[in-house]
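First up is the structure itself, then whatever we jot down about it.
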Amino acid sequence: MAPFTLRIHALPALAAILALAAPTARGDVRIETPVVRESPAQLKQRIESLDRALFEAFNRCDLDELERFFVPELEFYHDNSGLTASRAKFIGDVKKNVCGKFRRELVAGSLEVWPLGDYGAVYSGTHLFCKVGAAKCEGMGRFLHIWQNQGGDWKITRVVSYDHKPVPQ
């Protein structure tokens with residue numbers, strides 16, 4: 001009788017294991033690992049690091065590197081131009097409108113980061129836009145990015161860029 005009872009109690013664990021390693025529609029085996037939540041300080045450090053790397057690529061106009069930060073289904077909302085509904089279109093717009101024309105600088109101390117449960121993080125801040133070769137920055141704006149964490153691979157899914165205006169004198 002004990003082995004039969006043991007098997008019944010083992011079924012939920014076996015079902016959970018099988019569900020985690022279930023074949024996908026393509027037949028691949030998918031193994032999900034639990035998300036390890038970072039402390040608020042660790043999350044802020046991670047997002048600050050990602051922001052630096054993202055905008056280093058943006059400022060260098062390294063479009064291949066820049067593309068790696070975004071999901072293909074990117075939604076980019078801009079207060080002046082509206083919605084850009086794909087990574088490919090966004091990268092094309094950066095190539096046409098940004099490269100060789102201006103760079104972005106984060107306003108020190110403006111970055112704020114919040115966790116989004118097991119999904120990732122949201123962050124916002126203020127940045128300056130500076131014409132290439134100019135001694136000082138002329139434009140500024142605010143931003144909000146939503147980062148998705150898939151097993152340690154962080155990608156931006158949504159961007160809202162707004163409140164663009166001249167830098168106050």
Rounded to the nearest 0.5 Å, the CD atom of Glu67 sits from the CG atom of Asp62 at a distance of 10.5 Å
Locate the shortest heavy-atom distance separating Val159 from Phe70; write the atom from each residue and the value.
CG2-CE2, 4.2 Å
Same apolar cluster (I L V M F W Y, side chains within < 4.5 Å links), Val113/Leu106
yes
Of all heavy-atom pairs linking Cys99 and Leu63, the shortest is SG-CD2, 4.2 Å
Parallel, tilted or perpendicular for Phe76 and His78, by the 30°/60° rule?
parallel
Nearest 0.5 Å, please: how far is CZ in Arg103 from SG in Cys61?
14.5 Å
Return the CZ to SG distance between Phe102 and Cys137, rounded to the nearest 0.5 Å.
11.0 Å
Output all residues satisfying side chain to side chain donor-acceptor pair (under 3.5 Å) with Arg52, sequence neighbours left out; order by chain, then residue number.
none
Distance in Å, Met140 CE paired with Glu105 CD, rounded so as to fall on 0.5 Å steps:
12.0 Å
Using a 6.0 Å cut-off, check whether atom CD of Glu65 has over 12 heavy atoms from anything other than its own residue.
yes
State, with a plain yes or no, whether a side-chain heavy atom of Tyr123 is found less than 4.5 Å away from one of Leu50.
no
Nearest atoms (heavy-atom pairs only) where Leu74 meets Arg87:
CB-N, 3.8 Å
Restricting to non-hydrogen atoms, name the atom on Ala121 and the atom on Ile47 that form the minimum distance, rounded to 0.1 Å.
CB-CD1, 4.0 Å
Closest approach of Ser110 to Val107 (non-hydrogen atoms, all atoms of both residues)
OG-O, 2.8 Å
Would Val71 and Trp154 show up in the same hydrophobic cluster when neighbours are defined by side-chain heavy atoms closer than 4.5 Å?
no
Taking 4.0 angstrom as the limit, do Asp51 and Arg104 come out as a salt bridge?
yes
Using 30° and 60° as the class boundaries, would you call the ring planes of His164 and Phe129 parallel, tilted or perpendicular?
tilted
May I ask you to decide whether Lys89 forms a salt bridge with Asp93, counting only side-chain N to carboxylate O separations under 4.0 Å?
yes
Evaluate whether atom CZ of Arg158 has more than 12 neighbouring non-hydrogen atoms of other residues, nucleotides or ligands under 6.0 angstrom away.
yes
Heavy atoms, side chains only, cut-off 4.5 Å: are Ile156 and Ile146 in contact?
no
Straight-line distance of Phe69 CZ to His145 NE2, nearest 0.5 Å
11.5 Å
Is any side-chain heavy atom of Lys155 closer than 4.5 Å to a side-chain heavy atom of Gln150?
no
Measure the spacing between OG1 of Thr126 and CZ of Arg142 and express it to the nearest 0.5 Å.
5.5 Å
For His127 and Phe55, take the angle between the two ring planes, folded into 0 to 90°, and tell me which bin it lands in: parallel under 30, tilted 30 to 60, perpendicular over 60.
perpendicular
Shared hydrophobic cluster for Leu54 and Val94 (ILVMFWY, side-chain gaps under 4.5 Å)
yes
For Lys95, is the NZ atom crowded, meaning more than 12 foreign heavy atoms sit under 6.0 Å from it?
no
What about Val122 and Leu43, same hydrophobic cluster or not, with Ile/Leu/Val/Met/Phe/Trp/Tyr joined at side-chain heavy-atom distances under 4.5 Å?
no
In terms of hydrophobic clusters joined by side-chain contacts under 4.5 Å, are Tyr162 and Tyr77 together?
yes
